[in-house]
Amino acid sequence: MARQTNWAGNVTFSPKQWLIPETIGELQSAIAGQRRIRIAGSRHSFNGIVDSADTIISTEHLNRIIEIDTANGEVTVEGGARYGDVATALESHGFALGNLASLPHISIAGAVSTATHGSGVNNGNLATAVTAMQIVTADGSLATFSRASHPVEFDGMVVSLGALGAIATLTLKIEPTYLVCQHVFQNVPLEPTLENVDSVLGAAYSVSLFTTYGDRTIDQIWLKHRLDQGDPVADLLGVEPASDKLHPLAGHDPTCCTPQQGIPGPWHERLPHFCMEFTPSSGDELQSEFFIPREHTVAAYRALMALHAEIQPLLYVSEIRTVRADSLWLSPAYGRDVTAFHFTWRQKSSKVLALLEKIEALLLPLGAQPHWGKISIHRPTGYVRMSDFLSLRQSFDLGGKFVNPYIERVLGI
Ligand SMILES: Cc1cc2nc3c(=O)[nH]c(=O)nc-3n(C[C@H](O)[C@H](O)[C@H](O)COP(=O)(O)OP(=O)(O)OC[C@H]3O[C@@H](n4cnc5c(N)ncnc54)[C@H](O)[C@@H]3O)c2cc1C
C-alpha cells in the first residue's frame, strides 16, 4: 500500500488496510467486517485523529449530492462531499450555506465532526447547519437521526470525532443565495483595535484578524460583508481598505485567494479565503487553534503578545475569528460565544510542541479549548456534556470499533 499521509504531511497513517467504498452499501459491509476502524474525510486534520493501526476507510468516493430540497431549505449529501463542490451546486440552484471555513476543499462530514468553523459574531460553527444524518454504526447497519426524531441526543451526534460511526449522509440548512464583498485592511493600529474589539469583530458578516503579535498593529483585518445587510464600512479605525490583493501570509502570492478589493461575488467565492482550484494556505505548515470565551479576547491577545519573541520565529501567521454559542455537546462554543485564536506554524514540530506548552499555560486558565483537528498538548477539559457524550458513544460502539489512541486521549477512555 502506498504511503498515506494527512494533507500537511506531518502524520503518516499506519493502517494494515485502506478501504475506499464506492457506495453506502459497500461502506456498511466494510464496517461490519472489520475489528478496528477510523474514517478519513479529506485528511486536513493535523493530529492523529484519523489514524488507525487496523483499517482506515476513506470517504473520498462517497461524495454525491443526493437532494437539494428548495421547498424545505435543505441539502442532503454524502459525508465525503466537499464544501466547494456542494457550494457550486447550491449556487447554480440559487441557494447558499450560511457560512464556510477558510478553505472549500474539506469534506463536510470531516469538518462537522471536528466543529470546523468560519467567522462571524452571529454565525455558529459549520456543524450547527446539520439537521439530520445517516450513520453507519459498528454492526454495519444504517441508522437515521434528526433534530426532530432525537431532540436531545442529536446535539451530541454531530461533533463526534468519528467516534460514533461513519456519517453516510448529512442534511444541512440552506438559504437563498447572497452576494458578499471582501475588503482587507492593512496595519490597523493595535491599541484602538483592542479597545474596540467587539465592534471590530462585529464590523462585517465574517471578520478575520491576521496578526503576528507585534506591538503596534494588526497586520491584516479581512471583512466579508453581505450585500443584503446594508453598506460595508468605509474605513476601519481610520484605515482605508487595501487597494491591492493580499495573501494572509506575508510574501505569498495572493492568486490563490478569493477576490478582495470590494468586488461583489457569490457567497461561496468570498467566504473562504482560498479558491477551490488552488492549494490553500502555505501547505508546508502545522496548525493549532484555541477557543476562548469572548469576554477574554483582549486578555488572551495580551498574553500571546508577551510570548511574541518566541512565537514569531515559528509562526507564519495567527488568525483570530469568532464563533457564536451553540448547543452541540463537543463544540468548543457549547453555551458560550468564543473567539478562536488560530496559529499557522512552520513545520518545526518539536519547537512548536515546546511553545504550545507555554501558550496553553497562558490560555487554559482563560477557559481555552483546543480545535479537535489541530495540534495541542493537554487533554481538553471543561466540556460540561462530556459524560453524556461518553454514554452516547457507548450506546453506539460498546466494543470500541471506532476508538484509536487519539480518541482514548481526548475522551479519557
Ligand atoms: C489549510 C487548512 C485550513 C483550515 N481551515 C480551517 C478553518 O477555517 N476553520 C476550522 O475550524 N478548521 C480549519 N481547518 C481544519 C479542518 O477544517 C479540520 O481538520 C477538518 O476536520 C478537516 O476535515 P476533513 O474532511 O479533512 O476531515 P479529516 O481530517 O479527514 O477527519 C477529521 C475527523 O472527522 C472524522 N470523519 C471524517 N469523515 C467522516 C465520516 N464520513 N463519518 C464519521 N467521521 C468522519 C474523522 O474520523 C476524524 O475524526 C483547516 C485545515 C487546513 C489544512
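Numbering of ligands and ligand atoms starts at 1, following listing order.
- Among the atoms of Thr59, none of the N or O lies under 3.5 angstrom from an N or O of ligand 1.
- The shortest N/O to N/O separation between Thr114 and ligand 1 falls below 3.5 Å.
- Nearest residue to atom 41 (N) of ligand 1 from Ile108, Ile167, Ile135 is Ile167 (criterion: closest heavy atom).
- Relative ring orientation between His273 and Phe210 is described as perpendicular, the plane-to-plane angle rising above 60° on a 0-90° scale split at 30° and 60°.
- Annotation: Thr116 places an N or O atom under 3.5 Å from an N or O atom of ligand 1; distance criterion only.
- The nearest non-hydrogen atom to atom 52 (C) of ligand 1, considering only Arg321, Gln287, Arg38, comes from Gln287.
- Evaluated by nearest non-hydrogen atom to atom 43 (C) of ligand 1, the leading choice among Ala109, Gly80, Gly165 is Gly165.
- Between Phe396 and Phe389, the ring center distance fails the sub-6.0 Å criterion.
- In the candidate list Ser45, Gly41, Gly373, Ser45 is nearest to atom 19 (O) of ligand 1, counting heavy atoms.
- For the ligand labelled ligand 1, residue Arg82 lies outside the 4.0 Å heavy-atom shell.
- Distances between N or O atoms of Ala40 and those of ligand 1 include no value under 3.5 Å.
- A perpendicular orientation is assigned to the rings of Tyr178 and Tyr205, their planes being inclined by more than 60° (bins at 30° and 60°).
- Between the choices Ala8, Gly118, Gly79, Ser42, the shortest heavy-atom distance to atom 24 (P) of ligand 1 belongs to Ser42.
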